[in-house]
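Note: hydrogens, waters and symmetry copies are ignored here, and every other heavy atom, side chains too, is used.
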Amino acid sequence: MKEYDAIVIGGGPAGMSAASVLGDHVKTLILDENDALGGQLVKQTHKFFGDHAHYASKRGFEIAKELTDEIYKKPVDISTASTVIGIYPQNTVAYVKDGREELVRYKKLLIATGAMERQLPFINSDLPGVYGAGAIQTLMNQYGIFPGKRFLIIGSGNIGLILAYQLAQTGAEVRMIVEALDKVGGYEVHANKVKRLGIPILLKHTIVKAMGDESVQGVVIAEVDDKFGVIPGTEKEIVVDTICVSVGLIPLTELAEQAKCKIEYIPELGGYVPVRDERMHTTNSDVFVAGDLSSIEEATTAIIEGKLAAMQIVKDLTKTDLGKEISDELKTLDIFRSGPKSFKIRKGLEKMGIKVPEIEVPKLFQTPIENAKSKLHAVIECTEEIPCNSCESSCKFDAIKVGENINTPPIFDPSKCTGCAVCVTACPGLAIFMEKLDESPNATIGIPYEFLPLPKFNEKMWGMDKEGNYVCDLTVKRVVKNPNKTNIVYVELPKEFVDDVRHVRYPKKESPFVCRCEEVTLDQIEKIIDSGITDFEEIKRMTRITMGPCGGKNCKMITLGIISRKTGIPISKLSHGTSRPPVKPTEFSAFLRGDEK
Amino acid sequence: MEGRILEHPILSFTRQKRVRIFFEGNEIEAYEGESVAAALHAAGIKVLRYTPINGRPAGFFCAVGKCSSCLMEIDGVPNVRSCMTKVRDGMQVRRQHGKGDLV
Ligand SMILES: Cc1cc2nc3c(=O)[nH]c(=O)nc-3n(C[C@H](O)[C@H](O)[C@H](O)COP(=O)(O)OP(=O)(O)OC[C@H]3O[C@@H](n4cnc5c(N)ncnc54)[C@H](O)[C@@H]3O)c2cc1C
Ligand code: FES
């Protein structure tokens, strides 16, 4: 039987980074079930958060390639298409390759098998067409096969949000994302990427059942109460052909169990997880764990954990002094986990006896950017404390600062911004835009764009707001193609809308709603203007636009924009009608006094 | 939507050699490197088996070999995970009914 100093099971980011370190020092074998190394990363087409040293701003499949290239240069035995089926006594790993069982021995074992997707029980959840998020990604991003046409996504964590975005990139229609909680689970910037495409995120909703005989043809959703019970009478049917379940991941602990590692239930870390110390050592002195198996987190933490485990193994086996390297990695890990988004992880680790220091995320204050508005400059819409500093690393002019704690939201210094827009292409959250606002009635904005076809010079498009609603017509002025595939579309639009428009799209056949309360479309308004009526008050009386319960906050500006475009009169010169109380929906009884009925 | 993605804003797909596989005796389009489940999905086939107890239709769920929802009869062998099995020229694929007979 072949014997290794170290065997790594699982070739995701955790296993690969570990094997790279191990290969430099000891005889190492890495095993993975798939044909290629990379784990979760191979099917991720979005840019990853994190810091520069850990591949931030690169797309998942690119990170997989870099890690794979690195490991193939090392003296490591690599065996893919090798499914580990058990850990036998006397430090033996059993795996199946080409239909045959192979046995290998280890001195030290690192298990980095990652996680699998949680299933969600609902009526007909076994119907073909109900898929896990990862399955859909495998189909569309690995095999290049359309996974379906109309989708409903359950779960608004980062995975659900990213999936919605990736589906939209293939041209699929994502009807909605439903989320049982009262707030979005994933990062705000990921949610914004999806919302501006017009994909609604329905909070406090759940799936009741899938419909269809042989495969999904529709779905029933309903609102839930505070205890997640369905509120009767709120059920709604929606036509979809694919339901995507993304309600979390479960660590794959079987092999760790077979290796006699103690397993504990710690929901904050993902459920049952192997008990381990700070350096990824389990209760079995020869066995280590890393990555999603040890706690459901991120690629960055998986990479660091893999390295930590590997260094400790090298230290144990060769007595090489890696004390400094280990403490550096531990420090990086602590900073990564210090943000508010890692609250659960910190709590979970503490239950295991691992103390993650609370490092306060400094509060920096944005200086007003008014004085720099007339030149082309960046606009950063990233206010959540998430572990990412790709914008800071990308800016060659020192105009963006995140600082030592990677969870600090970026601070932008407009006086240093040269308008190069490199940060726009680097930001994994696509949360940076370009803007120029000078004396002219039109403003310019630059929008990150990752769809096909790429707009062309002088094309007319629609400007959409943060929720995916129509705002105004606009004209494409310049398209900058970037090697990293985040292209920038610069458009010209009436300056009143510069803070609203965050996405551009080709006009649809159906006319968009200008006023959703009164259900007035762009078409209706244009027809009235074409008939010669150009006064806002007049149009309001004819269509009831702005008279609905929302008080006309958005649709008034949009309507003025349409009048301005059709008549050539700048918005500032148009009469904008009168505002009347109440400005918020108010019950009639509120206006009655005492005994009035 | 069925079929294969030809153009993608981020990825480019280069398909390997065209092979012939047979689903319930009928030829379907497949390319080397694809899993059986993926090639079937591209052809619009989502039902991969009928369950042992209630005879309910089932398809794949995880597509990465973890859930065993995709078991099929491939070249006469039952209980094969079709999501982890690569297509081969001349392969005969059938829906599995029940637990699969041991030959
Ligand atoms: C949609 C999505 C988006 C994400 N976005 C981000 C992001 O923007 N930034 C970020 O930092 N992180 C992100 N992540 C998280 C990140 O991908 C994971 O945290 C990371 O991949 C975990 O690495 P790992 O090595 O522990 O596990 P994995 O990547 O899951 O790798 C585990 C490997 O082990 C193999 N394996 C399992 N069992 C066996 C066995 N019995 N025999 C042989 N091999 C086996 C598997 O096939 C797999 O290749 C995202 C994840 C998803 C799903
Ligand atoms: S679909 Fe889960 S094992 Fe094949």
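Only the side chain of A:Ser215 has a heavy atom closer than 4.5 Å to any heavy atom of chain B. Contact annotation for B:Phe13: only side-chain heavy atoms (C-beta onward) come within less than 4.5 Å of a heavy atom of chain A. Only the backbone of A:Phe451 comes within less than 4.5 Å of a heavy atom in chain B; its side chain stays farther off. Contacts of A:Lys47 with chain B are absent, with no heavy-atom separation under 4.5 Å from either backbone or side chain. For a residue to count as touching a neighbouring chain, one of its non-hydrogen atoms must lie under 4.5 Å from one of that chain's; by this rule A:Ile136 does not touch chain B. Of the atoms belonging to A:Val245, it is side-chain heavy atoms, and not backbone ones, that fall under 4.5 Å from chain B. Both the backbone and the side chain of B:Arg4 come within contact range of chain A, judged by heavy atoms closer than 4.5 Å. Contacts between A:Tyr449 and chain B at a heavy-atom distance below 4.5 Å are absent for every atom of the residue.
To the nearest 0.5 angstrom, B:Ile5 atom CD1 is 7.5 Å from A:Met140 atom CE. To the nearest 0.5 Å, the span separating CD1 on B:Ile10 from OG1 on A:Thr170 amounts to 12.0 Å. To the nearest 0.5 Å, the span separating NE2 on B:His41 from OG1 on A:Thr242 amounts to 6.0 Å. Note that the CG atom of A:Asp213 and the CZ atom of B:Arg56 stand 10.5 Å from one another [nearest 0.5 Å]. The distance from atom OG1 of A:Thr113 to atom NZ of B:Lys66, rounded to the nearest 0.5 Å, is 8.0 Å.
Scanning residues 16-36 of chain B against chain A with a 4.5 Å heavy-atom cutoff picks out B:Gly33, B:Glu34, B:Ser35, ordered by number.
The candidate with the highest count of non-hydrogen atom pairs below 4.5 Å against chain B, out of A:Asn487, A:Thr45, A:Leu139, A:Asn34, is A:Leu139. Counting heavy-atom pairs under 4.5 Å between each of B:Cys67, B:Ser69, B:Pro57 and chain A puts B:Pro57 at the top. Ranked by heavy-atom pairs under 4.5 Å with chain B, the first of A:Glu214, A:Arg59, A:Glu450 is A:Glu214. If you tally non-hydrogen atom pairs under 4.5 Å between each of B:Ala63, B:Cys83, B:Gly65 and chain A, the highest count goes to B:Ala63. Between chain B and the options A:Thr486, A:Val216, A:Asn124, the largest number of non-hydrogen pairs under 4.5 Å is found for A:Asn124.
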*Begin from the C-alpha positions of A:Glu33 and B:Arg81 and carry the test salt bridge (charged side-chain N to carboxylate O under 4.0 Å, His left out) through to its verdict.*
CA-CA 13 Å; A:Glu33 182 169 28; B:Arg81 291 176 303 174; 3.3 Å; yes
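When side chains are defined from C-beta on, B:Val64 does not count as touching A:Gln142, because their heavy atoms never get closer than 4.5 Å. At least one side-chain heavy atom of A:Asn141 sits less than 4.5 Å from a side-chain heavy atom of B:His8. B:Leu11 has its side chain out of reach of A:Lys485: every pair of non-hydrogen atoms, C-beta onward, lies at least 4.5 Å apart. For the pair A:Asp35/B:Lys86, a side-chain contact is recorded, criterion being any heavy-atom separation below 4.5 Å from C-beta on.
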Could you go through residues 115-122 of chain A and list every donor-acceptor pair under 3.5 Å that involves a side-chain atom there, pairing it with any protein atom two or more places apart or in another chain?
{"unit_1": "A:Glu117", "atom_1": "OE1", "unit_2": "A:Gly134", "atom_2": "N", "d": "3.1"}
{"unit_1": "A:Glu117", "atom_1": "OE2", "unit_2": "A:Ala133", "atom_2": "N", "d": "2.9"}
{"unit_1": "A:Glu117", "atom_1": "OE2", "unit_2": "A:Gly134", "atom_2": "N", "d": "3.1"}
{"unit_1": "A:Arg118", "atom_1": "NH2", "unit_2": "A:Gly270", "atom_2": "O", "d": "3.1"}

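The shortest heavy-atom contact between B:Pro9 and A:Gln169 is CD-O, 3.5 Å. Residues A:Tyr131 and B:Phe61 approach most closely at C-CE1, 3.7 Å, considering heavy atoms. The minimum heavy-atom distance linking A:Pro128 with B:Gly59 is given by the pair CG-N, 3.5 Å.
The neighbour count for A:Glu66 CD, taken as heavy atoms of other residues, nucleotides or ligands under 6.0 Å away, is above 12. Shown here is A:Lys97, whose NZ atom has more than 12 heavy atoms of other residues, nucleotides or ligands within 6.0 Å. Shown here is A:Tyr272, whose OH atom has no more than 12 heavy atoms of other residues, nucleotides or ligands within 6.0 Å.
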